[in-house]
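Inspection log for the structure reproduced underneath, given as structure tokens.
In this text, all values refer to a predicted model and were calculated from it rather than measured experimentally.
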Amino acid sequence: FLVPFVIFFYVVNFETSRHFENQVKQQLSYSVEANARAIKTFLEERKRDLLSISAMDVVEISDIHTMQNFLQRFLKEKPSFDFIAAADPTGKMVFSTNELRGIIDKRIYFKKSIAGDFYNSGIFYSDILDTSAMIISTPLYNRNDRQIGVILASISLKALYDLILDLRIG
């Protein structure tokens, strides 16, 4: 007498559990996709920000110091960056909003951008900064649209981590 009810209970319970599990997986999948889109959008916005200032109203790379006030204001308006720097075609950093100096000719971000490409380094340990960093870089052009070096920016990892912490799962 009880056997059919027990079988019925287990069948209903199994189907309900499977349906519930599928709904949870579907919601998690959607959340992961939405979170990935948010991070991708953040990084694309930083790329657009850097590209927007990659054509400077200067003739030579040595004139970039005349743009200091503009670049400092830019950083205040864009707290997603820690600093902006520029390097000449040999890889010598000739300008930085945080007074950073050095030779970056061996760095992949410099090599890619001096060759004409935008580059995102991903997060790495920077021996120049002595901390973790994410550098984006692109060719730097003068007012005559001639490449005069590379402009690079450090994405604020705090801003990126804050974004990640604000994202939700489920």
Side-chain angles (χ1 to χ4, degrees), residues 30-169:
Y30 172 77
S31 294
V32 168
E33 288 174 18
N35 293 347
R37 279 193 307 271
I39 293 168
K40 182 179 178 186
T41 298
F42 174 84
L43 294 174
E44 286 173 352
E45 288 171 354
R46 301 304 67 81
K47 177 181 179 179
R48 281 193 299 275
D49 290 340
L50 187 63
L51 291 174
S52 74
I53 61 170
S54 65
M56 296 272 176
D57 188 23
V58 296
V59 176
E60 297 296 329
I61 189 80
S62 57
D63 299 335
I64 197 165
H65 295 282
T66 63
M67 303 298 292
Q68 175 139 3
N69 289 338
F70 166 76
L71 292 171
Q72 291 292 354
R73 277 193 314 273
F74 183 84
L75 282 178
K76 282 183 183 174
E77 293 172 9
K78 307 287 182 179
S80 299
F81 292 117
D82 287 329
F83 68 87
I84 297 172
D88 69 15
T90 68
K92 179 182 177 191
M93 288 205 306
V94 296
F95 173 82
S96 175
T97 56
N98 67 349
E99 304 305 318
L100 189 65
R101 294 291 183 260
I103 305 293
I104 59 170
D105 64 327
K106 304 276 190 270
R107 313 290 170 150
I108 187 71
Y109 53 85
F110 175 80
K111 291 178 181 180
K112 292 284 188 179
S113 293
I114 202 68
D117 297 322
F118 173 86
Y119 186 76
N120 181 333
S121 70
I123 298 173
F124 70 103
Y125 177 79
S126 169
D127 58 339
I128 294 175
L129 299 171
D130 195 27
T131 190
S132 298
M134 178 184 279
I135 303 293
I136 59 175
S137 60
T138 195
L140 177 62
Y141 296 96
N142 70 5
R143 69 173 68 137
N144 301 322
D145 204 31
R146 182 176 62 88
Q147 186 175 349
I148 57 172
V150 168
I151 188 165
L152 57 109
S154 175
I155 292 180
S156 167
L157 293 183
K158 181 185 179 329
L160 180 61
Y161 295 154
D162 287 347
L163 171 70
I164 292 169
L165 289 174
D166 285 345
L167 299 176
R168 295 186 195 148
I169 304 274

Specify the closest pair of heavy atoms between [X] and [Y], including all atoms of both residues, with the distance to one decimal.
X      : Y      : result
Asn142 : Val58  : CB-O, 3.0 Å
Gln147 : Ile114 : NE2-O, 3.3 Å
Ser156 : Pro79  : CB-O, 3.8 Å

Do the side chains of [Y] and [X] get nearer than 4.5 Å, heavy atoms only?
X      : Y      : value
Leu160 : Ile123 : yes
Ile104 : Leu152 : yes
Ile135 : Tyr119 : no

Hey, what do you get for [atom1] ([X]) to [atom2] ([Y]), rounding to the nearest 0.5 Å?
X      : Y      : atom1 : atom2 : answer
Arg46  : Leu43  : CZ    : CG    : 8.5 Å
Phe118 : Ser137 : CZ    : OG    : 7.0 Å
Ile108 : Ser113 : CD1   : OG    : 9.5 Å
Lys47  : Ile136 : NZ    : CD1   : 9.5 Å
Ile53  : Phe74  : CD1   : CZ    : 4.0 Å
Leu157 : Leu163 : CG    : CG    : 12.5 Å

Evaluation steps, side chain to side chain contact (heavy atoms under 4.5 Å, CB included), between Ile64 and Leu140: CA-CA 10 Å; Ile64 197 165; Leu140 177 62; 3.8 Å; yes
Pairs meeting criterion salt bridge (charged side-chain N to carboxylate O under 4.0 Å, His left out) with involvement of [range], two or more places apart:
range           : result
residues 53-71  : Asp57-Arg143, Glu60-Arg146
residues 77-98  : Asp49-Lys78
residues 94-115 : Arg107-Asp127

Non-neighbouring partners of Tyr109 that pass ring pair (Phe, Tyr, Trp, His ring centres under 6.0 Å), sequence neighbours left out: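 By the ring pair (Phe, Tyr, Trp, His ring centres under 6.0 Å) rule, Tyr109 matches no residue at all.
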Derivation of the side chain to side chain contact (heavy atoms under 4.5 Å, CB included) call for Thr97 and Phe81: CA-CA 11 Å; Thr97 56; Phe81 292 117; over 6 Å; no
Counterpart residues, salt bridge (charged side-chain N to carboxylate O under 4.0 Å, His left out), relative to Asp145 (two or more places apart):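 Applying salt bridge (charged side-chain N to carboxylate O under 4.0 Å, His left out) to Asp145 gives none.
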For Ser96, all residues meeting side-chain hydrogen bond (donor to acceptor under 3.5 Å, both in side chains), sequence neighbours excluded: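 For Ser96 the side-chain hydrogen bond (donor to acceptor under 3.5 Å, both in side chains) partners, ignoring immediate neighbours, are Asn98.
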Ser154 side chain to Phe83 backbone, donor-acceptor under 3.5 Å: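 No, Ser154 side chain to Phe83 backbone: no donor-acceptor pair under 3.5 Å.
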